[in-house]
Amino acid sequence: MIGFEAAIALIASAAGPLETETVPLAEAAGRVLAEPLHARSDVPRRAVAAMDGYAVVDAGTQAGEALRVVGESCAGAGFAGPVAPGEAVRIFTGAPMPEGSDRCIMQEYATREADVVCFNRGYGPAWHVRASGSDFSAGALLLDAGTRLTPRAMVVAAAADVADILVAARPRVAIIGTGDELAAPGEAYQREDAIPESVTFGAAAMVQQAGAALVYRATGIDQLPALEALAAAALDMADLVIVTGGASVGERDFAKPMFAAHGLELLFAKVAIKPGKPVWLGRARGKWVLGLPGNPTSAMVTARLFLLPLLARLQGRRVDDELRWRTLPLATALGAAGSRESFVRAHWDDAGLTALGNQDSGAQGALAVADWLIRCPAGQPALGCGALVSALSF
């Protein structure tokens with residue numbers, strides 16, 4: 001059994017990006033860049049007005065003096081000619097500044113009659129001009145490899161003026177839930193000894209939110225030949241197989257044995273954490289296999305701690321991109337930690353973090369309000385209200 005940091009270090013070193021593919025920009029949202037993205041041109045390509053008003057030659061303009069309006073400049077349809085001292089061009093926000101002009105005077109300061117305009121005092125000091133390249137220059141690095149294309153990053157990618165982008169291939173993920181007691185939601189009530197299978201639904205949602213593709217989801221009873229067949233089917237179609245169920249020991253725990261026939265080699269078999277000690281990671285037939293505990297809370301905590309960093313690495317990102325610990329205050333006291341490093345489910349409000357009253361590894365209702373994990377080193381003493389703790393969004 002290894003510690004949490006050692007397990008994460010193994011994921012960081014052993015897992016790497018899959019293949020890459022080129023996709024149209026319109027299909028790139030949520031994907032991860034496989035190479036740096038540089039600007040094709042200066043933005044703006046030429047100086048543009050930052051306000052609606054009049055483009056003028058500053059040195060030839062005085063408050064109260066009349067200027068002749070010689071044309072109009074709109075975004076996408078600039079004024080073709082030059083502007084001389086004593087002249088002005090009506091201009092709109094984002095329109096190119098005409099040749100010779102260097103200042104945009106806001107329309108609020110303008111009084112115009114026909115083709116003559118004059119300006120009231122106080123139109124300075126701002127010049128209301130966005131210089132060429134003031135946003136970024138041609139060749140500038142806009143987004144580095146490993147960047148997830150969030151809505152904000154998509155704006156930047158489009159501004160780079162590229163039609164296609166090289167991204168990491170989506171990891172193909174299969175999920176297998178195991179256990180004789182499991183029944184599909186909506187059917188469990190028909191069997192007295194059944195419970196609704198819930199863990200694979202949470203894991204599937206996490207997989208999809210992380211940018212991976214869910215290609216297979218199944219449940220199997222605790223019979224080794226049947227589970228071996230499910231494992232074979234999952235390995236055929238996935239880059240990563242997640243298996244849920246079983247415990248750390250037990251003669252009916254087939255989570256590891258079902259992959260043994262497929263050459264399972266373990267990276268780690270247990271992790272000294274609470275909840276989730278039975279979590280394990282290995283490879284079979286060249287594919288990653290992650291074993292999550294059967295208890296729902298344990299499964300979701302370990303998925304947050306190990307699945308998301310693993311999916312990050314498979315898409316060319318760092319494990320630290322998914323393990324961003326923050327220092328936050330406690331809203332209530334926190335009990336002492338035990339002999340294993342623990343991750344306490346908590347809820348955040350304006351007062352700080354409050355540990356949930358039900359920390360049972362099989363609890364499900366508490367997951368609806370648990371939005372943070374408080375990291376508690378082994379042997380940590382009790383902490384009072386207001387103490388600062390290390391926490392991870394859950």
Side-chain angles (χ1 to χ4, degrees), residues 7-8 10-37 141-160 162-176 199-218 234-244 267 279 281 283 286-292 299-325 367 371 373 392-394:
I8 293 300
L10 285 174
I11 292 175
S13 61
L18 303 173
E19 297 178 352
T20 61
E21 59 182 342
T22 300
V23 300
L25 179 63
E27 300 174 11
R31 305 295 294 271
V32 176
L33 283 177
E35 64 181 4
L37 184 62
L141 175 64
L142 299 182
L143 299 170
D144 211 345
T147 299
R148 183 174 295 284
L149 291 169
T150 63
R152 297 183 304 279
M154 284 294 292
V155 172
V156 179
V162 294
D164 302 294
I165 294 183
L166 186 69
V167 296
R170 291 187 187 275
R172 297 166 300 164
V173 181
I175 305 177
I176 302 173
V199 175
T200 68
F201 289 89
M206 195 175 288
V207 162
Q208 292 166 325
Q209 288 182 358
L214 182 65
V215 296
Y216 182 72
R217 186 166 65 84
L235 290 168
D236 282 342
M237 64 182 74
D239 304 301
L240 164 64
V241 180
I242 301 167
V243 58
T244 74
L267 196 66
V279 66
L281 180 65
R283 290 177 73 89
K287 311 296 182 66
W288 288 100
V289 184
L290 175 65
L292 300 180
M300 294 309 294
V301 170
T302 50
R304 177 63 185 91
L305 295 175
F306 300 101
L307 172 60
L308 291 189
L310 177 58
L311 288 174
R313 290 297 301 131
L314 296 181
Q315 295 176 83
R317 303 175 71 221
R318 304 173 305 159
V319 296
D320 289 347
D321 292 332
E322 292 294 344
L323 296 176
R324 297 184 180 275
W325 301 96
L367 289 173
D371 48 10
L373 297 176
L392 178 71
S393 64
F394 185 34

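Values below: all heavy atoms of this structure, side chains included; hydrogens, waters and symmetry mates excluded. Please read all numbers here as calculations on a predicted model, not as lab measurements.
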Query raised in the report: Going by heavy atoms in the side chains, are Glu322 and Arg317 under 4.5 Å from each other?
Result: yes
Requested in this report: Could you tell me whether the side chain of Lys287 and the main chain of Ala238 form a donor-acceptor pair under 3.5 Å?
Outcome: yes
Query raised in the report: So do the side chains of Val167 and Val32 get within less than 4.5 Å of each other, counting heavy atoms only?
Result: no
Query raised in the report: Any idea which heavy atoms bring Ile165 and Ala157 closest together, and the distance?
Result: CD1-CB, 3.9 Å
Requested in this report: Evaluate side chain to side chain contact (heavy atoms under 4.5 Å, CB included) for Leu281 paired with Val289, printing each intermediate quantity in order.
Outcome: CA-CA 6 Å; Leu281 180 65; Val289 184; over 6 Å; no
Query raised in the report: How long is the gap from CE on Met300 to CG on Leu373, to the nearest 0.5 Å?
Result: 10.5 Å
Report task. Would you check if Leu323 and Ile8 make a side-chain contact, meaning some heavy-atom pair closer than 4.5 Å? Result -> yes
Query raised in the report: If every non-hydrogen atom of Pro171 is compared with every non-hydrogen atom of Ala212, which pair is closest and at what distance?
Result: O-CB, 3.4 Å
Query raised in the report: Which heavy atom in Ala168 sits nearest to a heavy atom in Arg31, and how many Å separate them?
Result: O-NH2, 3.1 Å
Query - Leu292 vs Val243, side chain to side chain contact (heavy atoms under 4.5 Å, CB included): CA-CA, chis, key distance, verdict - result: CA-CA 6 Å; Leu292 300 180; Val243 58; over 6 Å; no
Query raised in the report: If you take all heavy atoms of Gln315 and Ala210, which pair is closest and at what distance?
Result: NE2-O, 3.0 Å
Query raised in the report: Does Arg217 make a cation-pi contact with Phe201 (under 6.0 Å, within 45 degrees of the axis)?
Result: yes
Query raised in the report: For Asp320, what residues pass the side-chain hydrogen bond (donor to acceptor under 3.5 Å, both in side chains) criterion, not counting sequence neighbours?
Result: none
Query raised in the report: Shortest non-hydrogen contact from Ala15 to Leu314?
Result: CB-CD2, 4.5 Å
Requested in this report: Quick one: do Ile176 and Thr244 satisfy side chain to side chain contact (heavy atoms under 4.5 Å, CB included)? Show the steps, please.
Outcome: CA-CA 6 Å; Ile176 302 173; Thr244 74; over 6 Å; no
Report summary line: dist Leu305:CG -> Phe394:CZ (nearest 0.5 Å) comes out at 8.0 Å
Report summary line: To the nearest 0.5 Å, atom CG of Leu37 lies from atom CG of Leu142 at 6.0 Å
Report task. Could you tell me whether the side chain of Asp239 reaches within less than 4.5 Å of the side chain of Leu18, counting heavy atoms only? Result -> yes
Requested in this report: Would you sort out whether Val279 and Leu290 count as a side chain to side chain contact (heavy atoms under 4.5 Å, CB included), showing the intermediate values?
Outcome: CA-CA 8 Å; Val279 66; Leu290 175 65; 4.1 Å; yes
Requested in this report: Compare all side-chain heavy atoms of Leu307 with those of Thr302 and state whether any distance is below 4.5 angstrom.
Outcome: no
Query - Short side-chain to backbone donor-acceptor contact, Arg318 and Asp321, under 3.5 Å - result: no
Query - For Asp371, salt bridge (charged side-chain N to carboxylate O under 4.0 Å, His left out) partners two or more places apart - result: none
Query - Closest approach of Ile11 to Arg313 (non-hydrogen atoms, all atoms of both residues) - result: O-CG, 4.0 Å
Requested in this report: Side-chain contact test, heavy atoms from C-beta onward, threshold under 4.5 Å: evaluate it for Leu240 versus Leu311 and give yes or no.
Outcome: yes
Requested in this report: Look only at the side chain of Arg148 and the backbone of Gly30, and say whether a donor-acceptor pair between them is shorter than 3.5 Å.
Outcome: yes
Query - Donor-acceptor under 3.5 Å (Asp164 side chain, Thr22 main chain) - result: no
Query raised in the report: Is Tyr216 close to Val173 at the side-chain level, that is, under 4.5 Å between some pair of heavy atoms?
Result: no
Query raised in the report: Just by modelled atom types, is the Leu308 backbone N or O under 3.5 Å from a matching donor or acceptor in the Arg304 side chain?
Result: no
Report task. Output the distance between atom CD1 (Ile175) and atom CD1 (Ile242), rounded to the nearest 0.5 Å. Result -> 4.5 Å
Report task. Report the C-alpha separation of Arg170 and Glu21 in whole Å, then their side-chain angles, then the decisive distance to 0.1 Å, and conclude whether the salt bridge (charged side-chain N to carboxylate O under 4.0 Å, His left out) test is met. Result -> CA-CA 9 Å; Arg170 291 187 187 275; Glu21 59 182 342; over 6 Å; no
Report task. Report the distance from atom CG of Leu267 to atom CZ of Phe306, rounding to the nearest 0.5 Å. Result -> 11.0 Å
